[in-house]
Amino acid sequence: MKYVIIGGVAGGASAAARLKRMNEDAEIVILEKGEHISYANCGLPYFIGNTINDRKKLFLQTPVSFGNRYDADVRTLNEVTAINRDRKTVSVKNLHNNKEYEEGYDILLLSPGASPIIPPVEGVDLPNIYTLRNVTDCDRIKMCAADKLSVGASAVIIGGGFIGLEMAENLHKIGYQVTVVEKADHVLTPLDWPLAAIVQQHLIEQGVRVITSNGLQTFKQVDNRLAVVLEDNSELVCDLVVLSIGVRPNTDLAKAAGLKIGEAGGIWVDEYLQTSDECIFAVGDAIEFPHPVTGKPYCNFLAGPANLQARIAAMNMVYPQTVKYSGSVATAIAKVFNIAAASTGLSEAALKRQGIAFQTVITHPAPHATYYPGGKPLHLKLNFDPETGLILGAQAVGPMNVDKQIDIISLLIKHQGTIFDLVNSEHAYAPPFGSAKSPVMFAGMVAENIISHLMNPIQAAELDELLDQNADINLIDVREIQEHKADSIQGAVNYPVDELREFLDDIPNDKKTVVFCEVGLRGYIASRILMQSGFDNVYNLIGGMKTYRLIGKHLR
């Protein structure tokens with residue numbers, strides 16, 4: 001059986017390795033239009049920032065070493081120009097000598113990846129404007145960055161996503177003044193504003209300028225430098241620009257061959273990763289697949305799912321329709337200077353776009369036992385179905401244990417887990433590593449209190465709406481007197497939770513009562529006291545003052 005694979009890196013190379021392990025007699029040809037077959041794409045920003053000093057470490061396999069290990073015919077700089085389904089061949093252009101030829105196949109695997117989006121604006125082809133997608137891009141940026149680096153050298157990153165922020169950190173690390181421009185109203189749009197606000201503030205504290213709600217208009221040259229002209233006509237003069245505004249799936253070959261393209265714009269595949277042609281499979285950034293939460297197709301551009309897809313596709317190419325792919329919930333994480341930011345599943349913004357009912361809790365737990373030294377709080381946001389408790393998505397930001405929390409929740413989302421599964425989960429615990437109530441368990445408990453009607457939640461934005469309308473409410477700060485004096489919300493009365501029972505007669509019972517503390521726990525205790533003392537309309541501010549300080553408009 002002859003297998004031809006179009007494209008290497010995460011999808012193609014992984015599939016080839018699996019194919020050979022499943023069938024030693026398989027004839028495998030890999031056609032890669034680039035120079036490299038298997039490299040650490042996600043490590044490229046860190047090579048630019050000199051965290052990774054040895055360029056060779058970016059390469060997991062060379063074409064020769066991969067070919068020798070897996071007995072594969074690896075052809076780099078060989079670009080497939082057409083798929084001829086009627087005669088089961090592909091047309092190839094050898095970029096070494098510009099000669100064209102055809103290669104036959106029994107089974108074809110498409111792993112063409114995705115291409116960076118380059119906006120169609122004036123000046124985008126000027127020198128020193130780059131995208132970062134492969135090793136060649138990385139080498140160009142690194143060479144330019146070294147050449148342009150001097151006192152006062154500056155760089156502009158267009159796009160505040162995961163890669164954009166990684167680039168911002170690494171260019172800053174080698175001495176550049178960095179500005180991040182994001183068209184949306186906050187960086188890291190997979191995160192909702194309360195948590196994105198923490199990342200944004202951290203960037204500013206590290207010396208990175210952040211511009212939001214302002215997109216790119218055009219580029220122009222100013223002497224030997226670049227001017228980035230934004231939508232508000234302001235200009236940023238800099239020495240280099242990195243475009244990081246997203247990617248689009250490479251589907252041209254598939255379209256030209258008449259393969260089905262899905263509604264999200266990717267190559268359509270079934271649950272076995274088979275395209276509309278039974279002899280052609282597809283994996284990686286170029287495909288679309290139904291999201292496990294929404295059931296609607298979407299394109300996912302992450303290395304982890306691409307590797308899994310490659311493994312599954314290879315199995316099904318050898319043993320037809322044996323292993324099903326279940327989809328990706330888009331679990332991602334990025335290092336942003338001294339903190340990590342991660343997400344999985346659907347954000348609040350995505351849930352609203354899809355019209356899916358949800359409830360949200362925000363907690364600020366310690367990453368390990370509070371009495372053990374060195375712990376720094378993390379911030380966790382959990383989105384769930386208000387009726388069933390089905391987990392819909394989560395986000396976490398902080399300097400410690402962020403990946404652990406998101407990985408746990410991601411696994412539950414993939415298996416239709418609920419907030420009750422979080423409450424009943426079990427985690428390794430010792431004071432240096434965690435708490436008896438882990439952060440995800442605690443978030444689940446807060447959510448369970450809401451579903452069980454033990455607590456009525458109110459979000460910071462909802463409270464601001466009431467305050468904007470001068471609504472007649474009881475607004476009660478249940479923190480200690482010293483905390484209340486330091487800062488609070490406008491109009492709040494201070495009744496410390498441990499003394500609240502003494503003031504019950506002073507609180508009107510004919511209007512909405514909103515209680516809050518620092519992170520939400522004392523507010524919950526206070527709300528239970530009030531609800532069991534005859535107060536019928538009591539709400540606890542989710543995330544407390546720690547969240548309200550990030551996004552609230554009525555700080556005292």
(message) Test salt bridge (charged side-chain N to carboxylate O under 4.0 Å, His left out) on E169 and K173; report intermediate values, then the result.
(response) CA-CA 6 Å; E169 175 184 351; K173 182 180 177 182; over 6 Å; no
(request) Could you check whether the rings of H202 and F337 sit parallel, tilted or perpendicular, using 30° and 60° as the cut-offs? (result)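 Answer is perpendicular, since the angle exceeds 60°.
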(request) Measure across L390 and Q416 and return the closest heavy-atom pair with its distance rounded to 0.1 Å. (result)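 Result for this residue pair: CD1-O, 3.6 Å.
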(request) Kindly give the heavy-atom pair with the smallest separation between P119 and L216, and that separation in Å. (result)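 Scanning both residues, the minimum pair turns out to be CG-CD2, 3.8 Å.
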(request) Could I get the full list of side-chain contact (heavy atoms from CB on, under 4.5 Å) partners for P305, not counting sequence neighbours? (result)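 With sequence neighbours excluded, P305 shows a side-chain contact (heavy atoms from CB on, under 4.5 Å) to N300, L302, Q309, Y325, S328, given in chain and number order.
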(request) Check side-chain contact (heavy atoms from CB on, under 4.5 Å) between A394 and all other residues, then give those that pass, not counting sequence neighbours. (result)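 Testing A394 for side-chain contact (heavy atoms from CB on, under 4.5 Å), a comparison that skips the adjacent residues, returns T344, L382, I406, I409.
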(message) Do V210 and V187 make a side-chain contact, defined as non-hydrogen atoms from C-beta onward lying under 4.5 Å apart?
(response)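 Yes, side chains in contact.
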(request) Would you indicate whether the side-chain heavy atoms of R85 and L108 approach each other to under 4.5 Å? (result)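 Side-chain contact under 4.5 Å: no.
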Is it the case that over 12 heavy atoms from other parts of the model lie below 6.0 angstrom from the [atom1] atom of [X]?
{"X": "L412", "atom1": "CG", "result": "yes"}
{"X": "R311", "atom1": "CZ", "result": "no"}
{"X": "Y101", "atom1": "OH", "result": "yes"}
{"X": "N224", "atom1": "CG", "result": "no"}

(message) Test of understanding: with side-chain hydrogen bond (donor to acceptor under 3.5 Å, both in side chains), list the residues that count as partners of R140, not counting sequence neighbours.
(response)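 Expected list: none.
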(request) Can you sort out the partners of S213 under side-chain hydrogen bond (donor to acceptor under 3.5 Å, both in side chains), two or more places apart, ordered by chain and number? (result)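 In terms of side-chain hydrogen bond (donor to acceptor under 3.5 Å, both in side chains), with neighbours along the sequence ignored, S213 is linked to no residue.
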Has the side chain of [X] got a donor or acceptor atom that lies under 3.5 Å from a matching backbone atom of [Y]?
{"X": "Y70", "Y": "A16", "result": "no"}
{"X": "D385", "Y": "T388", "result": "yes"}
{"X": "D223", "Y": "R225", "result": "no"}
{"X": "N134", "Y": "D137", "result": "yes"}
{"X": "H291", "Y": "V293", "result": "yes"}
{"X": "E278", "Y": "Q274", "result": "no"}
{"X": "N214", "Y": "I211", "result": "no"}
{"X": "S410", "Y": "D407", "result": "no"}
{"X": "N128", "Y": "C144", "result": "no"}
{"X": "H379", "Y": "Q395", "result": "no"}

(request) Applying side-chain contact (heavy atoms from CB on, under 4.5 Å), run through L273 and I287 and close with a yes or a no. (result) CA-CA 9 Å; L273 299 170; I287 73 167; 4.0 Å; yes
(request) Might you work through the salt bridge (charged side-chain N to carboxylate O under 4.0 Å, His left out) test for E263 and K296, ending with a clear yes or no? (result) CA-CA 9 Å; E263 60 186 81; K296 296 180 180 179; over 6 Å; no
Charged N to carboxylate O under 4.0 angstrom, [X] versus [Y]?
{"X": "K2", "Y": "D106", "answer": "no"}
{"X": "D277", "Y": "K88", "answer": "no"}
{"X": "E122", "Y": "K220", "answer": "no"}
{"X": "E103", "Y": "R75", "answer": "yes"}

(request) Check the side chains of N233 and Q217 for a donor-acceptor pair under 3.5 angstrom, ignoring hydrogens and angles. (result)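 Q217 vs N233: donor-acceptor pair found between side chains.
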(request) Please check if any side-chain donor atom of T322 sits under 3.5 Å from a side-chain acceptor atom of N316, or the reverse. (result)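 There is such a pair between these side chains.
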(message) For residues 245-258, which residue pairs pass the side-chain hydrogen bond (donor to acceptor under 3.5 Å, both in side chains) check, not counting sequence neighbours?
(response)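 Those involving residues 245-258 are S115-N250.
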(message) Please list all pairs meeting side-chain hydrogen bond (donor to acceptor under 3.5 Å, both in side chains) that have one or both residues in residues 16-41, counting only residues at least two apart or in different chains.
(response)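 side-chain hydrogen bond (donor to acceptor under 3.5 Å, both in side chains) check on residues 16-41 returns K20-D71.
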(request) Run through I157, V181, I158 and flag the one making a side-chain contact (heavy atoms from CB on, under 4.5 Å) with I245. (result)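 Result: among I157, V181, I158, I158 is the only option passing the side-chain contact (heavy atoms from CB on, under 4.5 Å) with I245.
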(request) Nearest 0.5 Å please: distance from the CG atom of L422 over to the CZ atom of F384. (result)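 The CZ atom of F384 is 10.5 Å from CG of L422, to the nearest 0.5 Å.
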(request) Verify side-chain contact (heavy atoms from CB on, under 4.5 Å) between V208 and Q177, making sure each step is shown before the conclusion. (result) CA-CA 7 Å; V208 173; Q177 297 175 3; over 6 Å; no
